[in-house]
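Values below: all heavy atoms of this structure, side chains included; hydrogens, waters and symmetry mates excluded.
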Amino acid sequence: MRIARFSVREGSPAAGSVSFGIIEGDAAQPDSLVVHTLAGHPFGTPQPTGETHRLQDVRLLAPMLPSKIVAVGRNYAAHAAELGNEVPAVPLTFFKPSTAVIGPTESIAYPPFSADVQYEAELAVVIGRMCREVPLERVSEVVFGYTCANDVTARDVQQREGQWARAKGFDTSCPLGPWIETDLDPADLAVTCTVNGELRQAGRTSQMVRSVAELIVHVSEAMTLLPGDVILTGTPAGVGPLEIGDEVAVSVEGIGTLSNKVVKR
């Protein structure tokens with residue numbers, strides 16, 4: 001299933017309301033896509049209300065508002081090498097705050113304290129139930145689904161400050177979307193990024209140093225994960241700068257494309 005979070009556009013009796021929904025139709029034919037509104041949150045057994053909208057009549061929002069985003073750095077060896085780093089002996093994790101999250105078509109606001117903001121295309125995992133100390137053989141029980149992410153990074157700030165809270169946690173630095181795909185094998189998916197239509201990144205999740213399951217085990221050893229929490233799994237090689245006015249798009253095979261424009265804050 002494709003699970004979206006959306007608001008209804010003006011002109012409808014439900015204008016302005018925010019709901020979760022199931023998207024049905026052929027993604028290759030956008031005009032055919034329909035959103036079936038769900039009652040409440042989609043965790044557990046989704047309950048359709050009977051209300052439907054054409055996808056073009058709604059505005060897609062970030063598919064989830066997580067309590068926390070746990071991101072993993074240097075999980076692709078080629079990306080670690082391109083920045084002059086070694087692959088860490090244990091997963092390198094950091095947080096992005098919930099206030100960093102934006103959805104598809106929302107703008108990435110270029111922070112005034114940086115002169116080198118860069119894109120990082122990633123597969124994101126959405127957690128579906130409260131969990132802690134998840135054993136490897138039970139990881140599938142706690143995964144709700146997968147979405148696209150852009151781990152936008154102020155690279156100069158990251159290098160200058162040493163710790164990454166401001167470099168990776170500034171407002172609008174975590175685009176997520178366009179929806180959550182619940183039926184997906186993450187083992188070998190294409191992950192790409194384009195800027196103004198030009199291909200900049202092209203990798204596969206099979207190139208990750210540590211798998212999705214290994215990352216969930218590692219993170220959940222330390223902290224309780226809640227429904228809706230997001231784990232970013234790392235970016236392939238090819239990261240580079242964004243400029244004000246750029247259109248950046250992250251695509252993950254089997255999910256879709258997340259597009260955002262860069263604007264001046």
Side-chain angles (χ1 to χ4, degrees), residues 4-7 18 58-66 68-73 76 79 82-83 94-126 146-161 163-180 191-203 228-252 255-265:
R5 181 171 160 269
F6 66 95
S7 64
V18 175
V58 305
R59 177 190 173 203
L60 291 179
L61 307 173
M64 198 60 65
L65 292 179
K68 55 185 171 292
I69 303 105
V70 185
V72 179
Y76 288 75
H79 168 61
E82 73 180 344
L83 296 182
F94 57 94
F95 289 113
K96 292 173 84 81
S98 59
T99 48
V101 172
I102 58 172
T105 75
E106 290 188 74
S107 296
I108 298 167
Y110 204 114
F113 54 83
S114 174
D116 185 16
V117 170
Q118 298 190 3
Y119 53 82
E120 293 191 10
E122 308 204 8
L123 171 71
V125 186
V126 181
Y146 303 89
T147 192
C148 306
N150 192 344
D151 176 19
V152 183
T153 302
R155 192 72 66 199
D156 51 348
V157 177
Q158 181 187 28
Q159 294 170 346
R160 182 170 65 240
E161 297 187 355
Q163 57 79 34
W164 301 355
R166 296 201 325 144
K168 287 179 172 284
F170 62 87
D171 291 353
T172 74
S173 66
C174 191
L176 297 174
W179 44 64
I180 298 166
V191 179
T192 62
C193 179
T194 64
V195 178
N196 303 325
E198 177 185 343
L199 183 64
R200 300 289 182 85
Q201 284 183 283
D229 282 352
V230 170
I231 297 176
L232 305 187
T233 59
T235 193
V239 299
L242 291 169
E243 305 294 340
I244 292 170
D246 283 346
E247 185 85 22
V248 57
V250 172
S251 298
V252 178
I255 300 175
T257 298
L258 166 69
S259 297
N260 303 91
K261 189 170 183 178
V262 183
V263 302
K264 183 178 180 180
R265 184 191 287 183

Using side-chain heavy atoms (C-beta onward) and a distance below 4.5 Å, is [X] in contact with [Y]?
{"X": "Gln118", "Y": "Arg200", "answer": "no"}
{"X": "Ile255", "Y": "Leu123", "answer": "yes"}
{"X": "Glu122", "Y": "Gln201", "answer": "no"}
{"X": "Thr233", "Y": "Val125", "answer": "yes"}
{"X": "Tyr146", "Y": "Ile180", "answer": "no"}
{"X": "Thr172", "Y": "Ser107", "answer": "no"}
{"X": "Leu83", "Y": "Arg155", "answer": "yes"}
{"X": "Thr235", "Y": "Asp151", "answer": "no"}

Starting from the C-alpha separation in whole Å, work towards a yes-or-no answer on side-chain contact (heavy atoms from CB on, under 4.5 Å) for Tyr119 and Val195.
CA-CA 9 Å; Tyr119 53 82; Val195 178; 3.8 Å; yes

From [X] atom [atom1] to [Y] atom [atom2], the distance as rounded to the nearest 0.5 Å:
{"X": "Leu258", "Y": "Thr105", "atom1": "CG", "atom2": "OG1", "answer": "9.5 Å"}
{"X": "Glu106", "Y": "Lys261", "atom1": "CD", "atom2": "NZ", "answer": "15.0 Å"}
{"X": "Ile102", "Y": "Leu61", "atom1": "CD1", "atom2": "CG", "answer": "11.5 Å"}
{"X": "Arg265", "Y": "Phe113", "atom1": "CZ", "atom2": "CZ", "answer": "5.5 Å"}
{"X": "Arg166", "Y": "Ser173", "atom1": "CZ", "atom2": "OG", "answer": "12.5 Å"}

Show the nearest heavy-atom pair for residues [X] and [Y], with the distance to one decimal.
{"X": "Lys68", "Y": "Phe95", "result": "CD-CE2, 4.2 Å"}
{"X": "Phe94", "Y": "Val72", "result": "CE2-C, 4.1 Å"}
{"X": "Pro178", "Y": "Gly256", "result": "CD-C, 4.3 Å"}
{"X": "Gly228", "Y": "Pro66", "result": "O-CB, 3.1 Å"}
{"X": "Phe170", "Y": "Ala100", "result": "O-CB, 3.7 Å"}
{"X": "Ser114", "Y": "Val157", "result": "CB-CG2, 4.1 Å"}

Donor-acceptor pairs under 3.5 angstrom involving side-chain atoms of residues 241-249: please list them, not counting sequence neighbours.
unit_1: Asp246; atom_1: OD1; unit_2: Asn196; atom_2: ND2; d: 2.9
unit_1: Asp246; atom_1: OD2; unit_2: Glu243; atom_2: N; d: 2.7

Could you walk me through whether Val101 and Ile69 pass the side-chain contact (heavy atoms from CB on, under 4.5 Å) check?
CA-CA 9 Å; Val101 172; Ile69 303 105; 3.7 Å; yes

Flag, side chain of Arg5 to backbone of Ala62, donor-acceptor distance under 3.5 Å
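Yes, Arg5 side chain to Ala62 backbone: donor-acceptor pair under 3.5 Å.
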
Test log, rule side-chain contact (heavy atoms from CB on, under 4.5 Å), inputs Glu82 and Val239:
CA-CA 9 Å; Glu82 73 180 344; Val239 299; 3.3 Å; yes

Going by distance alone, is a donor N or O of one side chain under 3.5 Å from an acceptor N or O of the other, for Thr153 and Lys168?
yes

Under the criterion side-chain contact (heavy atoms from CB on, under 4.5 Å), I'd like the reasoning laid out for Val230 against Thr147: C-alpha separation, chi angles, the key distance, then a yes or no.
CA-CA 9 Å; Val230 170; Thr147 192; 5.8 Å; no

